[in-house]
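Since the model is a prediction, treat every value here as computed from it, not as a measurement. Order of the sequence lines sets the chain letters (A, B, ...), proteins ahead of strands, with each chain counted from 1. Values below: all heavy atoms of this structure, side chains included; hydrogens, waters and symmetry mates excluded.
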2 protein chains.
Amino acid sequence: MNAGTFRSWQSIQQEVLRRIHAREWEPGEVIPNEADLAREFGCARATVNRALQALAESGLLERRRKAGTRVALHPVSKATVNVPVIRLEIEERGRSYGYERITRLESAPAPLWAAAAMGLAAGTPLLHVAALHTADGAPFVHEDRWINTDTVPGAAQQDFRDVSANEWLLTNAPYTHGDICFAAMAADGEPALRLDASDGAPLFVIERTTWDGARAITAVRLSYAPGHSIRTTI
Amino acid sequence: MNAGTFRSWQSIQQEVLRRIHAREWEPGEVIPNEADLAREFGCARATVNRALQALAESGLLERRRKAGTRVALHPVSKATVNVPVIRLEIEERGRSYGYERITRLESAPAPLWAAAAMGLAAGTPLLHVAALHTADGAPFVHEDRWINTDTVPGAAQQDFRDVSANEWLLTNAPYTHGDICFAAMAADGEPALRLDASDGAPLFVIERTTWDGARAITAVRLSYAPGHSIRTTI
DNA sequence: CAGTGGTCTAGACCACAGG
DNA sequence: CTGTGGTCTAGACCACTGG
């Protein structure tokens with residue numbers, strides 16, 4: 001009866017969503033297999049497959065060979081947080097971007113958090129760059145960065161005075177994978193000073209480490225100005 | 001020459017990654033079109049398409065009809081944060097889960113943040129539930145939840161004494177979409193008390209609103225115990 | 001063992017947007 | 001207008017895993 005009504009994988013996805021939401025297919029229940037759905041919808045199995053794979057990726061369906069496809073009992077919402085270059089993050093909000101390098105040390109002993117994140121011994125000498133990114137002149141985020149020049153020799157030639165390490169590394173040191181950590185920390189020391197935050201004020205902090213295979217490229221702690229939040233949809 | 005070497009879309013994805021990483025295809029550069037790559041790799045175009053679409057979704061490639069596929073100049077790292085049911089979040093860490101309902105009010109005026117998130121007037125009467133989730137007996141996260149019983153009538157019958165609103169709603173009030181916000185806030189009032197956090201301590205906070213179409217289901221503020229962080233990979 | 005999803009193929013048509 | 005990606009199809013084989 002539905003034959004011909006659902007032609008694109010998106011429309012099939014919509015219909016599946018409708019059935020889940022209308023409780024025609026209940027949480028935990030096995031839904032018909034791909035071949036049956038394809039027949040019902042009057043389309044090829046590959047089209048159904050595309051729709052169901054997308055829903056499985058979003059966590060709403062769970063699929064296993066032979067066991068079939070079931071509606072997830074506890075749909076894990078997967079929030080995708082975009083972490084762009086800071087300059088673009090600011091410009092996309094229609095604010096004017098500013099950058100100021102604070103310090104650059106050719107070789108400084110890595111602090112515990114950076115060393116641990118990069119899998120190095122604490123105190124390993126690394127290239128260190130501290131900088132402040134501003135939006136409409138106001139402090140936006142403080143960048144505390146540690147770079148492994150063994151992995152990225154080119155970084156030693158950069159002074160990061162005009163182009164931030166954030167931006168330079170992203171286009172010049174492609175990474176294979178990375179770790180990222182979101183946390184809340186009390187404002188303290190130089191970041192607090194630069195961000196005009198009173199000592200102990202809660203700051204939103206992102207720590208990120210990127211790798212080229214098994215070799216760490218860089219570790220960075222981004223301390224955002226008070227009140228900053230990250231929004232997305234699920 | 002490569003014909004026959006790359007047969008699965010994953011292996012093609014790997015090869016494309018290798019070329020990007022090895023700078024054979026530089027940032028901003030247009031790469032060969034799908035038909036050419038399919039010929040080079042000795043596979044069907046659909047297989048190449050699958051590999052390139054996956055890479056585009058991850059932000060490493062940018063694709064436009066007619067314009068072709070290019071290596072992203074500023075690869076936006078997309079971190080996917082899984083937000084599971086709190087009970088599972090704790091149990092997956094191998095810790096024992098505990099739950100305690102603190103208060104339940106049939107009808108309380110919505111605070112500003114909740115009302116704004118749900119698109120209602122401040123002070124709109126809503127069902128309010130406050131609860132504490134514990135891990136190995138220690139406070140883990142404080143749940144401050146506001147439920148729109150117009151949208152979810154069934155919630156009015158629940159006392160949320162044994163099953164948390166978090167869990168009950170996820171399986172009983174499927175949502176079409178939601179907003180989520182990560183922030184850092186100073187510990188204050190009841191959450192601070194329940195979490196054994198000193199006043200003003202930085203807390204990691206997640207605010208989430210879920211919708212059934214245009215109707216708000218619930219808004220929740222999750223205040224995590226001091227030191228909590230969210231980790232993922234990119 | 002057999003049913004289910006995962007994937008590949010060869011070919012086709014279409015939608016979009018660059019030139 | 002034309003090249004490029006986006007998608008659909010019908011059929012096939014395979015990989016995994018539940019029973």
(Q) Rounding to an integer number of Å, can you tell me how far A:Arg70 CZ sits from C:dT4 P? (A) 13 Å
Q. With a 4.5 Å heavy-atom cut-off, do B:Val81 and B:Phe182 have their side chains touching?
A. yes
**Q.** Pairs flagged by salt bridge (charged side-chain N to carboxylate O under 4.0 Å, His left out) wherever residues 23-37 of chain B is involved - sequence neighbours left out
**A.**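 Counting only pairs at least two positions apart or across chains, the salt bridge (charged side-chain N to carboxylate O under 4.0 Å, His left out) contacts touching residues 23-37 of chain B are B:Arg18-B:Glu24, B:Glu34-B:Arg45, B:Glu34-B:Arg63, B:Asp36-B:Arg39.
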Q: Go through the side-chain N and O atoms of A:Trp211 and A:Asp179 and say whether any donor and acceptor fall under 3.5 Å apart.
A: yes
(Q) Between A:Trp146 and A:Asn148, is the side-chain hydrogen bond (donor to acceptor under 3.5 Å, both in side chains) condition met? List the steps. (A) CA-CA 7 Å; A:Trp146 299 82; A:Asn148 187 346; over 6 Å; no
Indicate every side-chain donor-acceptor pair of residues 86-93 of chain B with a distance under 3.5 Å to a residue at least two apart or in another chain.
residue, atom, partner, partner atom, Å
B:Arg87, NE, B:Glu167, OE1, 3.0
B:Arg87, NE, B:Glu167, OE2, 3.0
B:Arg87, NH1, B:Glu91, OE1, 3.2
B:Arg87, NH2, B:Glu167, OE2, 2.7

Q: Between protein and nucleotides 5-12 of chain C, map the contacts as a letter string: B base, S sugar-phosphate only, - none, heavy atoms under 4.0 Å, written 5' to 3'.
A: BBBSB--B
